[in-house]
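Only one structure is covered here, and it is reproduced in the block below.
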Amino acid sequence: MRIVVCVKHVPDLQGERRFTDAGRVDREGADGTLNELDENAVEAALRLVEAHGGDVTVLTMGPDDAEDAVRRGLQMGAHRAVRVTDDALAGSDAFGTAHALAAAVRRLGEEAPVDLVVTGMAALDGLMSVVPTLLAAELDLPQLTLAAHLEAAEGDGATVLRVRRDLDHVSEVLEAALPALVSVTDQANEARYPAFAGIMAARKATVDVWTVADLGLDPARLGDAGARTRVIEATERPAREGVLVTDTGDAGVRLAGYLAENGLLA
């Protein structure tokens, strides 16, 4: 089974986030990391190849520091890493991102067929959660999204991916013959912590770097030029406000009064 996992390098969620004058997330000077939900995607892919054989490629789009995201995937056990980068990609929205990632998946498919594309359920810097669906549409693949559990099995001469999706009051079981795309939630597994040997091997591993020209993409469909969504306005997060109550024996009563005054009691 040949699996491609799409991952993203995101700013540290504990740091201050702001937009540039161009309406982009300001990543300069900010620490970044592999999107936490993408660790679940890498883990899901590794477990599938451990059970059924095959290999895992981690794929990302971004500037130089985005390489940290795919190297984290290599540390966890992925076999190959690819980064798509180009000045023409700056300012890409979800549509442009999916378009570029799809081209990279197709190029990998020219080397050998890709059986499965795996993503996290969302990127924690934007929380749009639409790239998996847009990517499936670009690749013309069936999509099984928000999987809390997944497994592969043989059926009718083809490998079938079966997932469980947990909703508020019901769980759905969906399946699709491969090739397919699946996005996983943070309930799908607990991502492994890289072993020392994996960390050292990842430091020496080569990351393939592809440009827009390498993928045969039209720059007009990417970056700011091709963006269909724009940030119109952004405001800073308001400072936290609170009331400090010194307990003199009636703190519970005073707390209940505060909640009632502010309409916070159901």
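For the single chain, residues carry numbers from 1 onward in sequence order.
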Using side chain to side chain contact (heavy atoms under 4.5 Å, CB included) as the criterion, point out the one residue from His149, Gln187, Glu151 that pairs with Arg164. His149

Can any side-chain N or O of Thr185 pair as donor or acceptor with the backbone N or O of Leu146 at less than 3.5 Å? no

Does Asp166 use its side chain to pair, donor to acceptor, with the backbone of Ser171 at less than 3.5 Å? no

Is any side-chain heavy atom of Arg192 closer than 4.5 Å to a side-chain heavy atom of Glu43? yes

Heavy-atom closest contact (Val163 atom, Ala147 atom, distance): CB-CB, 3.7 Å

Looking only at atom types and distance, does a side-chain atom of Asp93 sit under 3.5 Å from a main-chain N or O of Phe95, one as donor and one as acceptor? yes

Which pair of non-hydrogen atoms, one from Val58 and one from Ala78, has the smallest distance, and what is that distance? CG1-CB, 3.9 Å

Using modelled atom types and a 3.5 Å cut-off, is there a donor and acceptor pairing between side-chain atoms of Arg162 and backbone atoms of Glu175? no

With rounding to the nearest 0.5 Å, note down the distance linking CG in Leu215 to NE2 in His99. 9.5 Å

Mind checking whether Asp64 and Arg83 have side chains closer than 4.5 Å, heavy atoms only? yes

Following the transitive rule for hydrophobic clusters with a side-chain heavy-atom cut-off under 4.5 Å over Ile, Leu, Val, Met, Phe, Trp and Tyr, establish whether Leu116 and Val49 coincide in one cluster. yes

Can we say Arg106 and Glu110 salt-bridge, meaning some charged N sits less than 4.0 Å from an Asp/Glu carboxylate O? no

Answer with yes or no whether the hydrophobic clustering places Ile3 together with Leu46; edges join I, L, V, M, F, W, Y residues whose side-chain heavy atoms lie under 4.5 Å apart. yes

Do Leu139 and Val105 come close enough that some side-chain heavy atom pair is under 4.5 Å? yes

Mind listing the closest non-hydrogen atom pair of Asn189 and Ala44 along with its distance? ND2-N, 3.5 Å

Quick one: are Leu48 and Leu150 in side-chain contact, heavy atoms under 4.5 Å? yes

Take a 6.0 Å sphere around CD of Glu190 and say whether it holds more than 12 heavy atoms from other residues, nucleotides or ligands. no

Val5 side chain near Asp38 side chain, heavy-atom distance below 4.5 Å: no

Is the side chain of Arg71 donor-acceptor paired with the backbone N or O of Ala205 at a distance under 3.5 Å, no angle test? yes

Value rounded to 0.5 Å, distance of CG in Leu37 from CG in Leu124: 4.5 Å

Hey, quick one: are Met61 and Val118 part of the same hydrophobic cluster, counting side-chain heavy atoms closer than 4.5 Å, chains of contacts allowed? no

If we ignore hydrogens and angles and just use 3.5 Å, is the side chain of Ser92 paired with the main-chain N or O of Leu222 as donor and acceptor? no

Return yes if some donor-acceptor pair links the side-chain N/O of Arg72 with the main-chain N/O of Pro194 below 3.5 Å, else return no. no

Is it the case that Asp250 and Thr248 place a side-chain donor and acceptor less than 3.5 Å from each other? yes

Between CG of Asp125 and OG1 of Thr33, what distance do you get to the nearest 0.5 Å? 11.5 Å

Taking Leu108's backbone N and O only, do any of them form a donor-acceptor pair with Arg2's side chain (distance below 3.5 Å, no angle check)? yes

Say you draw a straight line from OG1 of Thr60 to CD of Glu67; how long is it, rounded to the nearest 0.5 Å? 10.0 Å

Kindly give the heavy-atom pair with the smallest separation between Ala94 and Val130, and that separation in Å. CB-CG2, 3.7 Å

Quick one, Leu144 with Leu161, criterion side-chain contact (heavy atoms from CB on, under 4.5 Å). Give me CA distance, side-chain angles, the key distance, then yes/no. CA-CA 9 Å; Leu144 303 171; Leu161 187 72; 4.1 Å; yes

Smallest separation among heavy atoms of Leu217 and Ala100, with atom names: CD1-CA, 3.9 Å

Any chance you could lay out the salt bridge (Lys or Arg N to Asp or Glu O under 4.0 Å) test for Arg80 and Asp55, step after step, and finish with the verdict? CA-CA 8 Å; Arg80 182 180 178 185; Asp55 59 79; over 6 Å; no

About how many Å separate CE of Met128 and OG1 of Thr97, when rounded to the nearest 0.5 Å? 9.0 Å

Are any side-chain N or O atoms of Asn35 and backbone N or O atoms of Val10, one a donor and one an acceptor, separated by less than 3.5 Å? no

Cluster check Val7, Val207: I/L/V/M/F/W/Y, side chain < 4.5 angstrom: yes

Indicate yes or no: at least one non-hydrogen side-chain atom of Val82 is less than 4.5 angstrom from one of Val70. no

Can you tell me how far apart OG1 (Thr119) and NZ (Lys8) are? Round to the nearest 0.5 Å. 12.5 Å

What one should report as the nearest heavy-atom pair of Pro219 and Ala225 is O-CB, 4.2 Å

Could you list the residues that satisfy side-chain contact (heavy atoms from CB on, under 4.5 Å) with Ala251, not counting sequence neighbours? Val245, Asp247

In the single-linkage hydrophobic clustering (I, L, V, M, F, W, Y; side-chain heavy atoms under 4.5 Å), do Ile199 and Leu34 co-cluster? no

With a 4.5 Å cut-off on side-chain heavy atoms, are Val56 and Met76 touching? no

Please answer whether the main-chain N or O of Gly120 pairs with a side-chain N or O of Ser183 as donor and acceptor at a distance below 3.5 Å. no

